[in-house]
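These notes are about the structure you will find just below.
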Amino acid sequence: MRTEQEYIDSLRELKTVVYASGEKLDNFVDHPLIRPHINAAAMTYKLSHDPEFEDLLTTKSHLTGKKINRFTHIHQNPNDLIKKVKMLRAISQQTGSCYQRCVGFDGINALYSTTYDIDQKYGTVYHQRIKEYVKHLQETDNMVVGAMTDPKGDRGVSPSGQEDPDMFVRIVEKNDQGIIIRGAKVHQTGAVNSHEILIMPTTALKEEDSEYAVACALPVDAPGVIHIFGRQINDTRKFDEIDQGNACFGVVGGEALIILKDVFIPWEKVFMSGEYDFAGNLVERFACYHRQNYGGCKGGISDVIIGATSAIARMNGVEKASHVRDKVVEMIHLAETVYCCSIACSSQGQPTACGSYMVDPLLANVGKLNITRFIYEISRLSHDIAGGLLATMPSEKDLKHPEIGPIMEQYIKGVSGVPAEERYRILRLLENMTGGTALVESMHGAGSPQAQRVMILRQGNLAHKEGLARKLAGIDQEDH
Ligand code: SF4
């Protein structure tokens, strides 16, 4: 298993093409816009060597019997699924930010069972290939960006009906050696600082879309791959220190637009090539695994927000006010509720046909839908308690200014005994964790709310519920 430093050093060896703010970066690893996200991902390596977190961050490979980082594991039982959620909460508590590695983790698990199903129907060899790929990941401890979301163009039109055929990633050529793909993947979490990309289709497909039914793996620095790093609200703060709020780990995942300009993929790294009838299954499995995560990842994020809110209440001298205590209780209640959903969908996990384990899809989607509301409510309550200074504080440069700094300190201070800078730092952390980019990520990460509603309706078994009502109403008779 790689160490934190080995992970960071390994990124320097790659020839990843990265553009950010109109510049091609020679050294993306130390770039202020990107480095906090690398630090966050590095925690998935660091904690795997920490005895306190070892049980969550590591496990035994079912393929080789060797000790591996859990982010490269295929779930073998409900306990693996539960440990995943606990692991995510534990890492979020350390970073207060997204560490990105779950996307590839979910991608390999979704492909592991789907490739088996494809092989059963078509006699293909994808499952053996994904097994070899998983072994390779476990051996190298590489970080993988799970690349699903396509630009989509006109949302009312299928991939093959688009004016521009490259609005969804597609196979433009198949030959003896492999396939050539073209297109793009948008807002890809952790793309720039991963080692590999795992391409998956973004939606269910029909026969006429079969060239878009492609799943494959490639290095991030393969010829033809370009990364364009995304902007975030307040991202010029990354050139400051305290004003960032979370200077070491940043906010959310450091998303990028990945361009694929006729990229060659050898057959051994191809896991779907035209089996359009399995694209929907793959997308659903991936989505369920990723929605499972949110009660863990955002549960941990909420723990930090609640802690910061409690701290600022104390610094403001209002921590004992009954309305403040009630609001903090409400925040804890909401955080534990989202965590419950993730634990529940994991404990109700079921084996797939190939023996790996899948979460309960209904509970996973309910959990993610809760996140799209509850994180906003948790953030709203934190703003309520923290007060307006959260949004109006002058710059850290003013705080450190030789003339106005002492005046700032006088008026930024709360209760006596707490240095002004501590209050300033806590407010900046809260601002970072409860502001624009973080909230939008909770809304749309792992799929937008409507995607969860569609799955909840499909999984909710309304016919069964209607039957229960009809029986009790005396419409349908039952033998007793
Ligand atoms: Fe993992 Fe997604 Fe949470 Fe980031 S947002 S830590 S990738 S579950």
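In each ligand, atom 1 is the first atom listed, and ligand 1 is the first ligand listed.
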Residues passing the ring pair (Phe, Tyr, Trp, His ring centres under 6.0 Å) test with His73, sequence neighbours excluded, are none
Does Asp55 have any side chain to side chain contact (heavy atoms under 4.5 Å, CB included) partners at least two apart in sequence or in another chain, and if so, which?
Lys83
Of the protein's non-hydrogen atoms, which lies at the shortest distance from atom 2 (Fe) of ligand 1, and what is that distance?
His290 NE2, 2.9 Å
Which protein N, O or S atoms sit under 2.8 Å from atom 4 (Fe) of ligand 1?
Cys98 SG
Could you tell me, atom by atom, which parts of ligand 1 come under 4.0 Å of a heavy atom of Lys298?
3 (Fe), 5 (S)
Would you say the ring centers of Tyr289 and Phe105 fall short of 6.0 Å from each other?
no
Under a 3.5 Å cutoff, is there a donor and acceptor pairing between the side chains of Tyr424 and Arg428?
yes
Does anything in residues 330-343 pair up under side chain to side chain donor-acceptor pair (under 3.5 Å), and if so which pairs, sequence neighbours excluded?
Arg89-Glu336
Give me the ring orientation class for Tyr133 and Phe271: parallel if the planes are under 30° apart, tilted from 30 to 60°, perpendicular past 60°.
tilted
Cationic N near anionic O, under 4.0 Å, Glu132 to Arg129
no
